[in-house]
S.K.: 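Shown below is the structure under consideration.
Quick note on labels: first sequence line is chain A, next is B, and so on, each numbered from 1.
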Protein chains: 2
Amino acid sequence: MDVKIVDVALKAKVSPTTVSRVLNNNPLVKSKTREKVLRVIEELQYVPNAAAKNLRQQRTMTIGIIVPDVRVSYYTDLVKGIQTKAYAEKYKIVICDTNNDRVIESEYLKLLSDRSVDGMILVASMLTNSEVQEIVDRGYAVGVIGRSIQNSKVLNVHTDNVKSAKEAVNHLIEQGHRDIAFLSGYPNAMDSYDRLEGYIKALKEHEIPFNPSYVESGNFNETGGYEAMLRLWDKGLKFTAVFSANDEMALGVYRACKERGISIPRDLAVVGVDNDRVSQYLSPTLSTVNQPKFQMGFTLAEKLINRLNDEEIEQERVTVLESELIVRHSSVKA
Amino acid sequence: MDVKIVDVALKAKVSPTTVSRVLNNNPLVKSKTREKVLRVIEELQYVPNAAAKNLRQQRTMTIGIIVPDVRVSYYTDLVKGIQTKAYAEKYKIVICDTNNDRVIESEYLKLLSDRSVDGMILVASMLTNSEVQEIVDRGYAVGVIGRSIQNSKVLNVHTDNVKSAKEAVNHLIEQGHRDIAFLSGYPNAMDSYDRLEGYIKALKEHEIPFNPSYVESGNFNETGGYEAMLRLWDKGLKFTAVFSANDEMALGVYRACKERGISIPRDLAVVGVDNDRVSQYLSPTLSTVNQPKFQMGFTLAEKLINRLNDEEIEQERVTVLESELIVRHSSVKA
DNA sequence: AAAGTGGTTGAAAACGATTTCAGTCTATGT
DNA sequence: ACATAGACTGAAATCGTTTTCAACCACTTT
């Protein structure tokens with residue numbers, strides 16, 4: 001149906017081999033032959049068939065990305081970074097949106113294990129270590145963001161969550177707060193854990209006792225943040241500030257405050273993490289810890305592609321990028 | 001390297017043909033044989049090679065999506081809809097982010113023309129009609145959102161932009177406004193044009209004369225909206241309301257108003273289009289015309305897949321979905 | 001004149017699945 | 001006992017490239 005390499009070869013009066021060489025810029029071809037072949041390719045509008053090429057070369061120039069939800073700006077910014085690097089290196093990306101469902105995530109992993117991608121990037125993955133390990137063993141290059149994998153070849157990019165959290169909480173303390181609540185994400189997510197650690201460290205450094213009842217889990221989403229706030233208040237706890245492990249949950253905090261007539265930042269100071277796109281548009285604007293999401297995606301893609309292009313290249317398995325506290329209006333009294 | 005179909009065949013003491021039949025649920029296989037084969041597949045952790053399968057079957061079960069920018073919530077919501085349907089039908093999707101660059105978009109089109117996808121969805125495409133036509137001629141199923149293609153087999157889903165705009169402007173008029181500015185998108189984008197038409201129609205119906213100097217283009221982005229507002233004011237025009245052809249530009253309107261100390265909605269009523277995720281979080285919350293973005297993506301994917309599965313199926317080439325005015329605080333005086 | 005050299009080309013095998021077509025086997029009816 | 005249909009299986013061709021290997025040609029060197 002489509003025009004194929006032998007059609008070009010026939011018309012150009014050369015062998016398919018030569019056409020292939022022209023396509024792949026093999027310098028062995030005499031320039032006159034090359035020109036002739038190129039002319040015919042143009043004439044016939046020939047495009048090489050990817051499946052045939054993939055089959056023969058045993059690679060697809062494609063990277064698979066598994067994300068929890070493509071609508072979340074945090075993930076999209078990562079994807080943008082990955083995509084930008086991938087495009088520059090002539091890689092394609094296939095996106096799998098798990099809808100925050102671990103079963104679907106597992107299915108996607110299987111779906112991608114058919115050599116239709118050369119490597120995979122797992123974002124905020126809920127897969128077990130052994131599931132990930134198996135993919136590595138099958139020879140896929142894999143990178144993760146938003147979790148840690150011990151003892152393997154898995155590439156990783158992240159920010160120093162302990163430090164980020166500490167900075168955020170320090171900032172609240174400097175604003176005069178002593179009673180600071182903490183909204184964590186999924187209890188077992190790496191990021192949650194580190195941010196909790198940073199929270200505790202900041203308190204310790206200022207000799208504020210750590211009280212576990214000030215900690216509530218909000219599952220990293222708006223509703224979770226909202227409900228967590230209600231729970232905190234229902235406990236009868238007094239606090240003047242809250243550190244939310246991400247901006248999404250902070251949205252829930254805003255909603256809860258609005259309902260209860262609590263003024264931010266007058267009655268309650270709020271700091272989030274991620275610098276979600278909406279944060280700057282909230283009233284008051286939300287103080288947050290910015291994550292260099294684009295850069296994280298870009299860097300991880302770079303490392304992954306390095307590995308794909310050259311197994312031998314010397315590079316760090318783990319990269320830590322800097323995050324940065326952005327002080328806006330939600331944490332500073334007028 | 002990987003285990004392949006003959007390995008399974010050998011171990012199960014059957015032919016590759018039979019293994020293939022088992023894989024593809026061909027009912028001809030005796031159930032005892034099937035079980036044996038399945039056991040070996042499980043034992044060997046065999047996964048069929050996609051490239052080989054694609055080559056033989058001449059299809060990839062993959063849909064390509066070309067979008068201007070994956071960070072924009074409008075596009076992401078579409079992608080989510082597409083992805084949801086695609087997943088249900090066992091299709092993969094590859095995403096191409098053109099970064100709003102028509103040259104890059106063209107390159108992506110070429111990149112996808114190698115039979116690595118069975119169909120393509122172009123979102124807010126800047127390609128020429130003939131470029132799109134060529135893809136159709138090559139036998140790809142193609143769908144578009146956010147532009148119109150005349151005279152071809154290209155699938156399309158959209159909302160009635162004329163009506164949406166008219167409703168939005170009617171709403172402003174009902175709130176007592178007579179002098180209403182209009183912020184258009186790209187001058188030559190279909191959507192811009194239709195929304196302008198709706199704006200004019202609404203004015204006409206209320207016997208308000210249409211004055212072209214009330215129209216400024218803002219290129220569909222925040223900065224464009226901001227600058228368009230400044231230009232309108234600089235002209236010395238008096239107006240008490242503005243209809244922005246999308247929410248993104250309305251963000252620019254908010255910024256401009258803040259800078260000039262103009263209060264929304266007291267001094268200026270604002271209505272946007274798209275129901276961007278941020279709109280509900282703005283202060284005041286932004287009135288807007290909601291587009292069923294998820295549904296649009298889902299529907300287009302459905303039609304595209306229908307076409308891929310069965311060339312003969314009877315279905316409309318163009319689907320129009322309903323949009324809906326959401327009145328929030330930016331357009332209603334307290 | 002024979003042998004070597006470097007530049008250029010092509011024939012054929014390979015990649016790993018599916019599909020066509022031709023069987024083989026079993027059971028059934030006569 | 002034989003023919004025959006139906007159930008099941010396998011050999012070989014096929015998809016469209018890339019890659020290996022051998023060969024060819026035109027020169028130069030000995």
S.K.: If we ignore hydrogens and angles and just use 3.5 Å, is the side chain of A:Tyr140 paired with the main-chain N or O of A:Ser113 as donor and acceptor?
M.R.: yes
S.K.: Does anything in residues 131-146 of chain B pair up under salt bridge (Lys or Arg N to Asp or Glu O under 4.0 Å), and if so which pairs, sequence neighbours excluded?
M.R.: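 As it turns out, the salt bridge (Lys or Arg N to Asp or Glu O under 4.0 Å) pairs with a partner in residues 131-146 of chain B, which skip direct neighbours, are B:Glu134-B:Arg138.
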S.K.: Show the distances under 3.5 angstrom between N or O atoms of the protein and N or O atoms of nucleotides 7-13 of chain C.
M.R.:
unit_1: C:dT9; atom_1: OP1; unit_2: A:Thr33; atom_2: OG1; d: 2.5
unit_1: C:dT9; atom_1: OP2; unit_2: A:Lys30; atom_2: N; d: 3.1
unit_1: C:dG10; atom_1: OP2; unit_2: A:Ser15; atom_2: N; d: 2.8
unit_1: C:dG10; atom_1: OP2; unit_2: A:Ser15; atom_2: OG; d: 3.2
unit_1: C:dG10; atom_1: OP2; unit_2: A:Thr18; atom_2: OG1; d: 2.8
unit_1: C:dG10; atom_1: N7; unit_2: A:Arg21; atom_2: NH2; d: 2.8
unit_1: C:dG10; atom_1: O6; unit_2: A:Arg21; atom_2: NH1; d: 3.4
unit_1: C:dG10; atom_1: O6; unit_2: A:Arg21; atom_2: NH2; d: 3.3
unit_1: C:dA11; atom_1: N6; unit_2: A:Thr17; atom_2: OG1; d: 2.9

S.K.: Report the distance from atom CG of B:Asn49 to atom P of D:dT17, rounded to the nearest whole Å.
M.R.: 17 Å
S.K.: Ignoring hydrogens and angles, tell me if any N or O in the side chain of A:Arg102 forms a donor-acceptor pair with the backbone of A:Met126 under 3.5 Å.
M.R.: yes
S.K.: Looking at residues 35-42 of chain B, who's got a heavy atom less than 4.0 Å off DNA chain D?
M.R.: none
S.K.: Reckon B:Asn24 has a side-chain N or O less than 4.0 Å from the OP1 or OP2 of C:dT18?
M.R.: yes
S.K.: Can you tell me if A:Lys4 touches the phosphate of D:dG16, counting only side-chain N or O atoms and a distance under 4.0 Å to OP1 or OP2?
M.R.: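 For D:dG16, OP1/OP2 do have a side-chain N/O of A:Lys4 under 4.0 Å.
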S.K.: Taking OP1 and OP2 of C:dG16, is either one under 4.0 Å from a side-chain nitrogen or oxygen of A:Gln58?
M.R.: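 The answer is yes; a side-chain N or O of A:Gln58 sits under 4.0 Å from OP1 or OP2.
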S.K.: Compare side-chain N and O positions of B:Tyr46 against OP1 and OP2 of C:dG16 and report whether any pair is under 4.0 Å apart.
M.R.: no
S.K.: Identify whether the distance between the nearest side-chain nitrogen and carboxylate oxygen of A:Lys303 and A:Glu316 falls below 4.0 Å.
M.R.: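 Looking at A:Lys303 and A:Glu316, the cut-off is not met.
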S.K.: How many angstroms lie between atom OH of A:Tyr74 and atom CD1 of A:Ile145, to the nearest 0.5 angstrom?
M.R.: 7.0 Å
S.K.: Does A:Val157 offer a backbone N or O that forms a donor-acceptor pair with the side chain of A:Thr319 under 3.5 Å?
M.R.: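 Not a single qualifying donor-acceptor pair exists.
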S.K.: If the helix axis at each end comes from five base pairs, how far does the helix from C:dA1-D:dT30 to C:dT30-D:dA1 deviate from straight, to 10°?
M.R.: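 Between the first-five-pair axis and the last-five-pair axis there is 60°.
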S.K.: Please collect all side chain to side chain donor-acceptor pair (under 3.5 Å) contacts where either partner lies in residues 49-72 of chain A, sequence neighbours excluded, each pair once.
M.R.: A:Thr60-A:Asp118, A:Asp69-A:Arg71, A:Asp69-B:Lys80
S.K.: Grab the CD1-P distance between A:Ile5 and C:dA14 for me, whole Å please.
M.R.: 19 Å
S.K.: With a 3.5 Å distance limit and no angle check, can you tell me whether A:Arg317 reaches the backbone of A:Lys153 through a side-chain donor-acceptor pair?
M.R.: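 A pair under 3.5 Å: no.
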S.K.: Any sub-3.5 Å donor-acceptor pair from A:Asn24's side-chain atoms to A:Asn26's backbone N or O?
M.R.: no
S.K.: Which whole-number value in Å describes the distance from B:Arg115 CZ to D:dG16 P?
M.R.: 10 Å
S.K.: Separation of B:Leu55 atom CG from D:dT18 atom C1', in whole Å?
M.R.: 12 Å
S.K.: A:Gln57 CD to C:dG16 C1': how many Å, rounded?
M.R.: 15 Å
S.K.: In chain order, what residues pass the side chain to side chain contact (heavy atoms under 4.5 Å, CB included) check against A:Lys36, with sequence neighbours excluded?
M.R.: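 A:Val14, A:Arg39.
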S.K.: We want to know whether A:Asp97 and B:Gln83 form a side-chain donor-acceptor pair, criterion being a heavy-atom distance below 3.5 angstrom.
M.R.: no
S.K.: Can you tell me the distance, in whole Å, between the CG atom of A:Asn26 and the C1' atom of D:dT20?
M.R.: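 After rounding, the reported distance stands at 13 Å.
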